[in-house]
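Working notes, beginning with the structure itself.
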Amino acid sequence: LYPSGHPNIAFTLSAYGRLLLRLGDYEEAERLQREALEIRRHYHGESHPDVAYSLGSLGMAVYERGRYDEAEALLRESLAMHRKLHPDHPIAGNVMNDIGLVMYERGDYADAEKMHRDALTFQQSVAGDDERNAMAVSMVRRANDLAALGFLVQADTLAREGYDLVRRIHEDRGLWV
């Protein structure tokens, strides 16, 4: 049994919070992510990979509740910490994608497109084969940004590239039907 405030408790709270996000219980997901973040900050201090991860998870919970400015601030804090602690880790690209998603939902299509472009460039520079799926996500999100900006041909080309990449990933693993 772990004592109250142990990082494994935070891990469980955060994992359950992510599941609740998928199930649509955004309020409870946010509460659990805030609790996980509090535990991690208390245990690890203000600058630790687990704190950065919790900031991102909380940012996405807040995003789902429609509080885009707060979500972006949390995600940017997460990104800054990830970059400081391990600048070449692929998770930074995922957080950049999430920031772009917030911008897109807020209607800031040009900023979203730039963030998704930067995420893809970063992922391509640091990622190996294990990160190809994240690159495909970046491609498709950026394609949506381009479409919203009226660049339909470029959007279609990029979306097809993302689709083809996902297809190749799953074919390589014998999962494409």
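By convention here, the first residue in the shown sequence is residue 1. Note that the coordinates shown come from a computational prediction; the quantities given were computed from them, not determined experimentally.
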Taking every non-hydrogen atom, the tightest pair across Ile169 and Asn133: CD1-N, 3.4 Å
Hydrophobic cluster membership, Val126 vs Val137, 4.5 Å side-chain cutoff: no
Spacing of Leu79 atom CG and Phe122 atom CZ [to the nearest 0.5 Å]: 8.5 Å
Between CG on residue Asp88 and CZ on residue Arg83, distance to nearest 0.5 Å: 11.0 Å
Salt bridge Asp156-Arg160, side-chain N to carboxylate O under 4.0 Å: yes
Where Gly17 and Ala29 come nearest, the two heavy atoms and their spacing: O-CB, 3.3 Å
Hphob cluster co-occupancy, Leu85 + Leu74, side-chain heavy atoms under 4.5 angstrom: yes
Leu37 vs Val51 side-chain heavy atoms within contact, under 4.5 Å: yes
Any residue meeting salt bridge (charged side-chain N to carboxylate O under 4.0 Å, His left out) with Asp50, in chain and number order, not counting sequence neighbours: none
Point-to-point distance, once rounded to the nearest 0.5 Å, from CD of Glu64 to CG of Leu21: 6.0 Å
Approximate separation, where rounding is to 0.5 Å, of Met135 CE and Leu120 CG: 7.5 Å
Sequence-distant partners of Asn8, side chain to side chain contact (heavy atoms under 4.5 Å, CB included), two or more places apart: Tyr2, His6
Under the side chain to side chain contact (heavy atoms under 4.5 Å, CB included) test, residues paired with His86 that sit two or more places apart: Pro49, His82, His89, Ile91
Shared hydrophobic cluster for Leu32 and Leu58 (ILVMFWY, side-chain gaps under 4.5 Å): no
With Tyr104 via ring-ring contact (aromatic ring centres under 6.0 Å, His included) - residues at least two apart: Tyr109
Heavy-atom closest pair, residues Ala147 and Ala155: N-CB, 3.6 Å
Distance-minimising heavy-atom pair for Ser14 and Tyr53: OG-CE2, 4.2 Å
Step-by-step side chain to side chain contact (heavy atoms under 4.5 Å, CB included) determination, Tyr163 to Val166: CA-CA 5 Å; Tyr163 172 79; Val166 168; 5.7 Å; no
Approximate separation, where rounding is to 0.5 Å, of Ser57 OG and Gln33 CD: 4.5 Å
For Glu38, salt bridge (charged side-chain N to carboxylate O under 4.0 Å, His left out) partners two or more places apart: none
Within residues 5-28 or reaching into it, pairs that qualify as salt bridge (charged side-chain N to carboxylate O under 4.0 Å, His left out) - sequence neighbours excluded: Glu28-Arg31
Test: Glu77 and Arg41 ion pair at under 4.0 Å: yes
Other residues, nucleotides, ligands: >12 heavy atoms within 6.0 Å of Tyr26 OH: yes
Side chain to side chain contact (heavy atoms under 4.5 Å, CB included) between Val95 and Arg76, intermediate numbers included: CA-CA 8 Å; Val95 178; Arg76 285 189 180 281; over 6 Å; no
Close side-chain approach of Ser47 to Lys84, heavy-atom, < 4.5 Å: yes
Side chain to side chain contact (heavy atoms under 4.5 Å, CB included) against Tyr43, all qualifying residues, sequence neighbours excluded: Pro7
Results of side-chain hydrogen bond (donor to acceptor under 3.5 Å, both in side chains) for Glu113 - residues two or more places apart only: Arg117, Arg142
pair Met115-Asn97: side-chain heavy atoms closer than 4.5 Å: no
Salt bridge Lys114-Asp118, side-chain N to carboxylate O under 4.0 Å: yes
Same apolar cluster: Val102 and Val62, side chain cutoff 4.5 Å: no
His48 to Met81 - nearest heavy-atom pair and separation: O-SD, 3.5 Å
Residues forming a salt bridge (charged side-chain N to carboxylate O under 4.0 Å, His left out) with Asp69, sequence neighbours excluded: Arg106
Asp98: partners by salt bridge (charged side-chain N to carboxylate O under 4.0 Å, His left out), with sequence neighbours left out: Arg141
ring-ring contact (aromatic ring centres under 6.0 Å, His included) partners of Tyr68, counting only residues at least two apart: Tyr63
Linked, directly or transitively: Leu165 and Leu146 (ILVMFWY side chains, under 4.5 Å): yes
Interatomic distance, Ser54 atom OG to His44 atom NE2 [nearest 0.5 angstrom]: 8.5 Å
Contacts of Arg67 that satisfy side-chain hydrogen bond (donor to acceptor under 3.5 Å, both in side chains) - sequence neighbours left out: Glu30, Glu70
Closest non-hydrogen atom pair between Ser78 and Ala52, with its separation: OG-O, 2.7 Å
